[in-house]
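See below for the structure under consideration.
Here is the naming used below: chain letters follow the sequence lines, and residue numbers restart at 1 for every chain. Both backbone and side-chain heavy atoms feed into the values below; hydrogens, waters and symmetry mates do not.
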Amino acid sequence: MATGALSKIFEELLNKDTLFKNREVLRSSHTPDYLPHREEQVNHLASILVSALRGDSPSNVLIYGKTGTGKTAVAKFVGKELEDMGEAKGLPLYVIYVNCEIVDTQYRLLAHLATYFGRDVPMTGWPTDRVYEEFREGLDSEFRIAIIILDEIDKLARRGDDVLYNLSRMNSNLKNSKVSIIGITNDLTFTDHLDPRVRSSLGEEELIFPPYNATQIEDILKQRAEEAFKEGVLDDTVIPLCSAYAAQEHGDARRALDLLRISAELAERRGDKRVTEEHVRMAQDKIEVDRVVEVVRTLPTQSKLVLASIVWLSGRMKSFTTGEIYRVYRQMCMYIGADVLTQRRVTDLISELDMLGIVNATVISKGRHGRTKEVSLSASIETIKLVLNEDYRLKELSGFRASTQTSLI
DNA sequence: CTTCCACGGGAACACTGGGGTG
DNA sequence: CACCCCAGTGTTCCCGTGGAAG
């Protein structure tokens, strides 16, 4: 039977020596029981939230810090401890974690919260105030203390901070329950374009998470590695190297953990018994390539066209301006019969590519010759070309040449 | 000091996919 | 069922503005 043969394959793979004891602890989503170098933040947050255990609503908190500085981990960790304490004391304490990168609109956030408290809200269709009412009634139906953690809160506030306004002053509309908000953001300027009233109530307390330095990241990696790996599979240099790489990336611990995990996975796949520096370097490349591939692949067609123009120009010169990109872009669109967007829109698309780390775009002033963005490719051109070619609509570009009237410069 | 180009914020619009109402 | 309401998204249109070359 074929299944017999197949199960044999799996069996062999399963019996193959693994370097891992527990791979999960290396995932950044894993919340460990102890967070090295974050004692101060944990204590601070706990001291703010402790009033929940006395039946009061704690102050709202804003947490700032770059990616991979442990904001989410600390918030989740303290939240869980708090919930456990609440349970032990028989308090109706609810800690609700919402990632605003996924739940990224007012409507969806309120619908999510309402659903949490057992209300049925359709995915779309209702006026927002009605969803808000639904949530309020659901929450207020009995005595409760709710702590809402809004991760990546900047992604939500981008348009309309109405929800935040409503949520932050919600306590005055509640008879039985109390609500507090913990906002997490990596955008230090986040509060700038926020309604002043929201700003003051949301930021009653503020916590700053500084980036980790290389030695701190080393501690984190050591702690996790102990749980994750079998004895002696790591070369001594592996953890310092991972830490050094991550420290360059503004002390991103998540990055370091990914790097360590992927290094080990690569080693394992090649059947090596130990993880070495070489694996780390391979992993570093792999992460970068995977990131670019993933980003480019999921780009909408118009962005791909803009990127294709940039790639085309990169083959000819080092850097170029928005105007040049737009001229090439327009011709490409005509060439394959796609809609041509306005230059205004294209500048936005370029900025998005910049934010995604695929291109570099800096605004410069060329004096007499006006202001423009100077753009250059910042990821591997080969990788991007390869992925762009996967798109059947862009395949037709293979015969593309810019017409002579595209006098570049 | 003038001049010039594109930046980037904001308003307005079209369109989509959903809901409620009579 | 027809019809209107709503949020969300991607886009266009309009326009004030930055800042170094000339």
Which nucleotide, C:dG8, B:dA6, C:dT12, lies nearest any side-chain atom of A:Thr372? B:dA6

Determine, for [X] against [Y], whether the closest basic-nitrogen to carboxylate-oxygen distance falls under 4.0 angstrom.
| X | Y | result |
| --- | --- | --- |
| A:Arg108 | A:Asp104 | yes |
| A:Arg393 | A:Asp391 | yes |
| A:Arg119 | A:Glu137 | yes |
| A:Arg281 | A:Glu277 | yes |
| A:Glu133 | A:Arg136 | yes |

A:Ile364 near the nucleic acid: base, sugar-phosphate alone, or nothing, with a heavy-atom cut-off under 4.0 Å? nothing

Does A:Val131 reach a base, just sugar-phosphate, or nothing at all? Heavy atoms under 4.0 Å. nothing

Starting at [atom1] of [X] and ending at [atom2] of [N], how long is that distance when rounded to a whole Å?
| X | N | atom1 | atom2 | value |
| --- | --- | --- | --- | --- |
| A:Lys366 | C:dT17 | NZ | C1' | 19 Å |
| A:Tyr132 | C:dA7 | OH | P | 16 Å |
| A:Arg368 | C:dA20 | CZ | P | 15 Å |
| A:Met355 | B:dG8 | CE | C1' | 12 Å |
| A:Glu324 | B:dC5 | CD | P | 14 Å |
| A:Leu156 | C:dG8 | CG | C1' | 13 Å |
| A:Tyr107 | C:dT9 | OH | P | 13 Å |
| A:Leu341 | C:dT9 | CG | C1' | 14 Å |

Only one of A:Thr72, A:Thr185, A:Asn99 passes side-chain hydrogen bond (donor to acceptor under 3.5 Å, both in side chains) with A:Asp151, and that residue is A:Thr72

Enumerate donor-acceptor pairs with a distance under 3.5 Å from any side-chain N or O in residues 84-91 of chain A to protein atoms, sequence neighbours excluded.
from	atom 1	to	atom 2	distance (Å)
A:Asp84	OD2	A:Lys80	NZ	3.3

Can you confirm whether A:Phe135 sits close enough to A:Val121 that some side-chain heavy atom of one is under 4.5 Å from a side-chain heavy atom of the other? no

What I'd like to find out is whether the side chain of A:Leu299 reaches to under 4.5 Å of the side chain of A:Leu353, using heavy atoms alone. yes

In residues 119-130 of chain A, what residues come within less than 4.0 Å of DNA chain C, judged by heavy atoms? A:Trp126, A:Pro127, A:Thr128

C:dG18 base to A:Arg371 side chain: any donor-acceptor pair below 3.5 Å? yes

Given the structure, check if the side chain of A:Arg344 and the base of B:dG8 hold any donor-acceptor pair shorter than 3.5 Å. yes

Please list all pairs meeting salt bridge (charged side-chain N to carboxylate O under 4.0 Å, His left out) that have one or both residues in residues 244-258 of chain A, counting only residues at least two apart or in different chains. A:Glu249-A:Arg255, A:Asp258-A:Arg261

Show me, pair by pair, the donor-acceptor contacts under 3.5 angstrom made by side chains of residues 367-379 of chain A, not counting sequence neighbours?
from	atom 1	to	atom 2	distance (Å)
A:Lys373	NZ	A:Ser351	OG	2.9
A:Ser378	OG	A:Gly357	O	3.0
A:Ser378	OG	A:Ile358	O	3.2

Looking at residues 295-303 of chain A, who's got a heavy atom less than 4.0 Å off DNA chain B? none

Specify the residues of residues 345-353 of chain A, ordered by number, for which at least one heavy atom lies under 4.0 angstrom from an atom of DNA chain B. A:Thr347

With respect to the phosphate group of [N], does any side-chain polar atom (N or O) of [X] fall under 4.0 Å of OP1 or OP2?
| X | N | value |
| --- | --- | --- |
| A:Thr105 | C:dG8 | yes |
| A:Arg108 | B:dG18 | no |
| A:His369 | C:dG22 | yes |

Exercise: identify the closest heavy-atom pair between A:Leu202 and A:Ser168: CD1-CB, 4.3 Å

